[in-house]
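Whatever order the structure lists ligands and atoms in, that order sets their numbers, starting from 1.
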Amino acid sequence: MLKQFFSYYKPHKRLFIIDFSSAVIVAILELAFPIAVQWFIDKLLPSGEWGTIVTVSVLLLIIYLLSTVLQYIVSYLGHKLGINIETDMRQELFTHVQRQSFRFFDNTKTGHIMSRVTNDLFDIGELAHHGPEDLFIAIMTFFGAFAIMFSINPQLAIIAIVMVPFLIWLVTYCNVKMNQSWKKMYESVADVNARVEDSVSGARVVQAFTNEQFEIERFKNNNGRFRLAKLGAYKIMAGTHSSIYMMTRLVTLIVLVVGAWLSFNNKLSYGELISFVLYTNVLIKPVDKISALLELYPKGMAGFKRFRELIDQEPEIQNAKNAIAIQSLAGNIQFDNVHFRYESYKETLSNINLSIQQGQTVAFVGPSGAGKTTICSLIPRFYDVTDGTISIDGIDVRDMTLQSLRSQIGIVQQDVFLFTGTVRENIAYGKLGASMEEIEEAARKAHLEDFIEGLEDGYNTQIGERGLKLSGGQKQRLAIARMFLKNPPILILDEATSALDTETEKIIQHALNELAKNRTTLIIAHRFATIREADRVIVVTENGIAEDGQYDELVAANGIFTKLHNIQFN
Ligand SMILES: Nc1ncnc2c1ncn2[C@@H]1O[C@H](COP(=O)(O)OP(=O)(O)OP(=O)(O)O)[C@@H](O)[C@H]1O
């Protein structure tokens, strides 16, 4: 796991080396400074040579300035390194999620992916920046300071270090407490966010029920809990800072008192005493860093583990080794002994045999849950068959590259999904980089022209979050326009279950008929009025394909379709 973690440093090796070596130099300067002060007091002051004193002071100033610049570099470049690694990982994760198959999205919660992309990667970035650098520097300054103190006066060095375990205990204890209270705070902020999100997206429902006051009261509770949690966290933070302050001053004071006693007994010079006090601070400083790392490491590594678990999940549907990139398909679709299961315990489709000729319009009907949508999802390989083959123009779909196969199939879904953006952007989603003329032509064919012209900003009108500002019929026409742009030889239409008014229905039907022309069209139909013109109707039941024929033939056959037909029209 650690090896994998460090592999993310590779592209930023140069940055890491500059940052790390600057941090080492800063630490060396920090260790050297008290010795310089000691020498200044013990050797230089008694000599009374002002010229040398001024020269040394200027030298010290230069060292300070150098140290300041290096500290800036460490802070800036260190964070840059962390952010770079975090950004790489985020891009990798997003790219990986884009490549995932439908089954992955069936089984993964959006919230989980979101928290990987934001929280986990933030913790990993922090660890990437602070982990190796802080650990190395802390160890180096701690042992360096102790070694120098020991060489000056072993007894006093031991007195100073004896206190360190207490300090470590105190800092760790405070960190645990702080963590607990931050966790509570994060939970309550999540509640506040959820409440805001809920009542903003549900604002229409709130107002329709005139429940605004109820929502305000509910929010007041959440907001109050958040205030208390945050206040609690700050109280612990204040306690932590002051007790650590007290403890460090106590160590310094003890060193000062014992040092003064040693000095009275001529066992320690004044310079040594001062440098000892300064070294005590250098000795104590890393304790804070180490304890922060103790908290950061498990958090960052746990995040990294979850990140890797996602990244290591290979997409279920991938290109075969020698997959061919087909240029264009005619649209002859063949199912041979197709079996399929979503879950291992239950077969959804069994032994489906089906042959659809190019240019045909075929309607799939049947009871809800029989498998109509599933049959259609197998053609673009949203899922792979468990057994049997599906071929188009005689080529197994698994032998084509996914990209080329899906470029030949257009799908208009039941619930049209639109992206936040303009009308133009949403139509152009069917063919990225389409010209304005092409977009206008597609809109005209989808009977959207009048509607768009009536909008204040025309094609540049924002359609709201997920097309909120559009009606159901407008959304569907937009999806149809998108499909005219894509212009695929095979079309799958998942008919909307909810009925539109007759006028809109007519317009949409007209647009769809236009769209279906010269394409192999599969319609997952719910309302039979829309499929009268279909070349074939296929009745799917839980036992597979039950009937297959022309609309009128099937109505007259006195079978399942006749029954379904009678339910709809009587
Ligand atoms: N992603 C999925 N994961 C697991 N089971 C699924 C999934 N999608 C559908 N199913 C199940 O597969 C069966 C067939 O569903 P499918 O959506 O193909 O039916 P349908 O005939 O299109 O239904 P409807 O007319 O209601 O849209 C159902 O029992 C359904 O519960």
For this session: Report the relative orientation of the aromatic rings in Y9 and F5; use parallel for angles under 30°, tilted for 30 to 60°, perpendicular for over 60°.
Result: perpendicular
Tell me which donor-acceptor pairs under 3.5 Å the side chains of residues 205-213 have, and how far apart each pair is, sequence neighbours excluded?
none

For this session: Using a strict cut-off of under 4.0 Å between a residue heavy atom and any atom of ligand 1, list the qualifying protein residues by chain and number.
Result: D106, Y342, E343, K346, T348, P367, S368, G369, A370, G371, K372, T373, T374, Y383, H526
For this session: Assert yes or no for the condition that the ring centre distance of F105 to F102 is strictly below 6.0 Å.
Result: no
Exercise. Distance-only, no hydrogens or angles: does the T541 side chain make a donor-acceptor pair with backbone N or O of A546 under 3.5 Å?
Worked result: no
Problem set entry | R444 bridged to E440 by N-O distance under 4.0 Å | no
For this session: Considering only NZ, NE, NH1 and NH2 on the basic side and carboxylate oxygens on the acidic side, decide whether E514 and K517 come within less than 4.0 Å.
Result: yes
